[in-house]
Undergrad: 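Dropping a structure here in structure tokens format, bear with me for questions.
Whatever order the structure lists them in is the order used to number ligands and atoms, beginning at 1. Nothing fancy with the numbering, it's 1 onward along the sequence.
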Amino acid sequence: MTAGGTMRAAFYEGPRKFATGTLPVPEPGAGEALLRMRRVGICGTDLHIFQGHLDHRVPRGGVTGHETFGQVVRAPRDSGFSAGDRVVVEPLQFCGACRACRMGASYLCYSLKVLGVDVPGGLQEYWAVPAARLLHVPDTLDDDAAAVIEPLAVATHDVRRAGVKAGDTVLVFGGGPIGTLIAMVCRERGARVAVAEVNRFRIEMLQNLGLPTVGPDADVVKFANDWTGGIGVDIAFEVTGHPAAVRAVTDVVRVWGTVSIVAIHAEAMPVNLYQMFARELHMHGSRLYAREDWEEAIRLAATGAVNLGLLVSRRIPLERINEGMEEALKGGAVMKVVVEL
Ligand SMILES: [Zn+2]
Ligand SMILES: [Zn+2]
């Protein structure tokens, strides 16, 4: 790579169409590091982009990819990063001045921009990003596992916000990558966990990870009652976005228990609020992550407490991004697809 050279990148061209082509290698601005990208994970948000659901945020010709892993080419001298360092990127741009930022919730900034959604992301060979958004990846973690640190940070955030502790019973609705990672983090905290899932491939994968599953034909409410002697679980996570799970989620939780909404619900859905009232439940949303959630994710992955490599089902080259998206969208025999740059 030389200054003024070109590089490969993928561009969003509209619903169900990415194109690959070339761009000038970016010149990092003040406070920015230049990264050589190695892996970019494809997630549910990317699939929403692929289907055109986020056209109000992603411009035509936009470069997506927010689950990223790369190596530093060069970085500002006082940044704590230098050439060759393996890094992940916290893909958030926030103002630092609004009410959310001042409350310590900069990840919910009123003018938040997500790198790889609202502004360019990592599906390019070289990427210039603020050095302040980088975190070191330990050498004990391989490249594929490093690409899954971002979703693990989502999971550590969800589990922290829900206050899961040793001895709790936890029911996770949805065993995709985020639901599975939430279950693994809860187990690591000493909780008893079960995952409700309908996809046979995912059920098998969960069982291989030693996670008990419920479904596809089971009555989840009956399961929760049997499992807890009629009391209900301490915490339930809604990670499906599916109406059946939303309808059941308040019925499985004990008195003063917690319901955490993790899935992106684009449409309003019926919820049984009687149980919210009758059992005085707590319900909260859980989105993205704070810096401490990234740090915990890297710690859990590096010690092997959460084995991330097992989640990567397929690695594809940049030029096959459309196929990778279609395959992930089908939701068949696939957990995590990562692009190798
Ligand atoms: Zn994601
Ligand atoms: Zn702000």
Undergrad: Would you please classify the geometry between the F18 ring and the F50 ring as parallel, tilted or perpendicular, with 30° and 60° separating the classes?
TA: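 Rings of F50 and F18: parallel, as their planes differ by under 30°.
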
Undergrad: With the Zn ion (ligand 2) at the centre, find the angle made by SG from C95 and SG from C109, to 10°.
TA: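 With the Zn ion (ligand 2) as the vertex, the angle is close to 100°.
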
Undergrad: Would you call the rings of H157 and Y107 parallel, tilted or perpendicular, where under 30° means parallel and over 60° means perpendicular?
TA: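 Perpendicular, since the angle between the ring planes exceeds 60°.
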
Undergrad: Does D158 pair with R287 as a salt bridge, N-O distance under 4.0 Å?
TA: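 Looking at D158 and R287, the cut-off is not met.
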
Undergrad: Can you give me every donor-acceptor pair (side chain of residues 310-320, partner residue at least two apart or in another chain, under 3.5 Å) with its distance?
TA:
{"from": "S313", "atom 1": "OG", "to": "M335", "atom 2": "N", "distance (Å)": "2.6"}
{"from": "S313", "atom 1": "OG", "to": "K336", "atom 2": "N", "distance (Å)": "3.0"}
{"from": "S313", "atom 1": "OG", "to": "K336", "atom 2": "O", "distance (Å)": "3.3"}
{"from": "R314", "atom 1": "NE", "to": "E327", "atom 2": "OE1", "distance (Å)": "2.4"}
{"from": "R314", "atom 1": "NE", "to": "E327", "atom 2": "OE2", "distance (Å)": "3.1"}
{"from": "R314", "atom 1": "NH2", "to": "E327", "atom 2": "OE1", "distance (Å)": "2.9"}
{"from": "R315", "atom 1": "NE", "to": "D144", "atom 2": "OD1", "distance (Å)": "3.2"}
{"from": "R315", "atom 1": "NE", "to": "D144", "atom 2": "OD2", "distance (Å)": "3.2"}
{"from": "R315", "atom 1": "NH2", "to": "D144", "atom 2": "OD2", "distance (Å)": "2.7"}
{"from": "E319", "atom 1": "OE1", "to": "R8", "atom 2": "NH2", "distance (Å)": "3.1"}
{"from": "E319", "atom 1": "OE2", "to": "R8", "atom 2": "NE", "distance (Å)": "3.1"}
{"from": "E319", "atom 1": "OE2", "to": "R8", "atom 2": "NH2", "distance (Å)": "3.3"}
{"from": "R320", "atom 1": "NE", "to": "E323", "atom 2": "OE1", "distance (Å)": "3.0"}
{"from": "R320", "atom 1": "NE", "to": "E323", "atom 2": "OE2", "distance (Å)": "3.4"}
{"from": "R320", "atom 1": "NH2", "to": "E323", "atom 2": "OE1", "distance (Å)": "2.7"}

Undergrad: Can you list the protein N, O or S atoms less than 2.8 Å from the Zn ion (ligand 1)?
TA: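 Counting only protein N, O or S atoms under 2.8 Å from the Zn ion (ligand 1), the list reads C43 SG, H66 NE2, E67 OE2.
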
Undergrad: Taking ILVMFWY side chains as joined if any heavy atoms are under 4.5 angstrom apart, and letting links pass through other members, which residues group with F277?
TA: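 Members other than F277 - counting any ILVMFWY side chain reachable under 4.5 Å - are Y274.
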
Undergrad: Can you pull out every ring pair (Phe, Tyr, Trp, His ring centres under 6.0 Å) where at least one residue sits in residues 211-232? Sequence neighbours excluded, please.
TA: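 Qualifying pairs: F223-W227.
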
